[in-house]
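Notes to accompany the following structure.
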Amino acid sequence: MGRVGAAKAVFVAVTGIVTAIAGVQFHEQRHFRVPIVAGPSVTRVARLSEYGRGLKGTMADTSVFFLEGKEPGGKVLVMSDTHPNECDGLLSALMFIENAVVAKGTVIVIPVLNNSASRNTRPGDGYPLFYGIPTAWGTRTFRFGDRGASPLDQWPDPDVYIHYPDGQLLSFLDARNTNRSWPGRPNGLLIERVTDGVMSLLKRERVDVAIDIHGAETMFPVTNCIVAPEKSMKIATMVSMTVTAMEGFENHVEPSPQGFRGLSHREIGDFSETLPFLLEAPFPFLDQPTGPKTLDLLMTGKDPFLLRLAAEQKLFVPYDESGWPIAKRVGQHCSVALEILDQYSRRNAERAVRVSGVPRYADLVRNGVGAYFRDPSKARARDVYYQ
Ligand SMILES: [Zn+2]
């Protein structure tokens with residue numbers, strides 16, 4: 001073997017080793033099982049494939065938690081991990097599953113809406129594969145996912161994503177985005193089958209209110225807000241005013257655009273009787289001009305580049321040295337979701353949903369997110385579900 005041949009052999013060997021190491025890490029992330037402890041009001045756990053066709057046996061099938069009160073009433077659906085890289089949504093949904101005591105009505109929670117995307121990552125952006133929330137009994141570990149479903153589950157991407165049924169042309173990237181595929185269809189792309197499954201659930205279960213929890217860049221104007229279509233607007237406005245006045249964090253309402261298709265706050269409203277609300281809170285990790293995408297940035301929201309942009313008034317949220325810690329973000333989501341239930345229940349006594357035990361903004365800021373997680377190793381085995 002000449003010198004060139006030797007150099008080629010070394011190159012092939014190094015590439016092989018790097019590929020093998022990365023492959024093992026990606027495989028571990030994709031198959032890591034997150035424990036979720038069923039709290040005091042969880043009465044049953046279904047699979048989304050019981051509602052939608054074409055999901056059974058796929059990576060897109062996901063758990064649906066039912067928290068049923070003794071007294072009949074209305075029904076609310078809480079969804080998170082529509083975008084699994086906006087992880088505050090999942091943590092907020094778990095606050096409901098693990099803590100809520102439902103006295104009247106039913107709370108349905110789909111904690112990982114895009115299960116395939118929660119097993120995807122973005123190596124080009126240096127995303128972490130996992131993150132941990134410290135608790136009194138140890139660290140609770142989660143997968144850190146991506147915005148779109150994994151190409152291992154849905155591939156190839158089209159050149160242009162044609163929204164069903166509107167026909168609007170969307171970016172090819174949105175072919176794997178569960179917040180562009182509503183209302184979905186049973187024989188469409190995998191993610192269209194996910195949203196179709198949820199639409200079937202909303203109709204079959206007669207769900208009154210749907211809450212879809214996200215996180216947004218601080219440089220994006222749609223943040224610290226509730227996105228609501230016309231029919232949800234009154235409640236959204238009351239919720240926004242109430243939390244701002246009573247709980248001391250900023251929140252406003254953004255109208256759901258009629259001409260931008262595929263989003264939950266638009267299509268759920270147009271294609272069902274359910275009132276949809278989409279929640280956004282600042283999520284500095286997602287901003288483009290930050291330092292490395294570290295776990296510290298994810299937890300604290302502190303970044304020197306965002307601080308400089310704040311001084312130049314380039315951000316849409318107040319931002320200082322304190323960053324935007326995870327407890328504040330999750331707290332905002334919990335308070336807004338609870339206030340939506342309250343405002344809806346005041347107007348619809350028969351279909352009210354009454355919930356206690358879920359921490360609000362002040363509780364989470366005081367005690368931290370980890371204080372409200374149950375220890376899976378101390379729970380009864382039948383109460384622990386793996387997602
Ligand atoms: Zn989102």
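Remember, it's 1-based here, ligands and their atoms both numbered in the order they're listed. Along the sequence shown, residues carry numbers from 1.
Looking only at N/O/S atoms, H83 comes nearest to the Zn ion (ligand 1) through ND1. Taking the Zn ion (ligand 1) as reference, the nearest N/O/S atom within E86 carries the name OE1. Distances from the Zn ion (ligand 1) to each N, O or S atom of H214 single out ND1 as the nearest.
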Inset, instruction - For the pair Y127 and F285, evaluate ring-ring contact (aromatic ring centres under 6.0 Å, His included) and give the outcome as yes or no after the intermediate values. - result: CA-CA 10 Å; Y127 272 23; F285 184 92; 5.6 Å; yes
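F283 and V317 end up in different hydrophobic clusters when Ile, Leu, Val, Met, Phe, Trp and Tyr side chains are linked at under 4.5 Å.
Between the side chain of R119 and the backbone N or O of R30, at least one donor-acceptor pair lies under 3.5 Å.
Nearest heavy atoms, L55 versus D61: O-CB, 3.5 Å.
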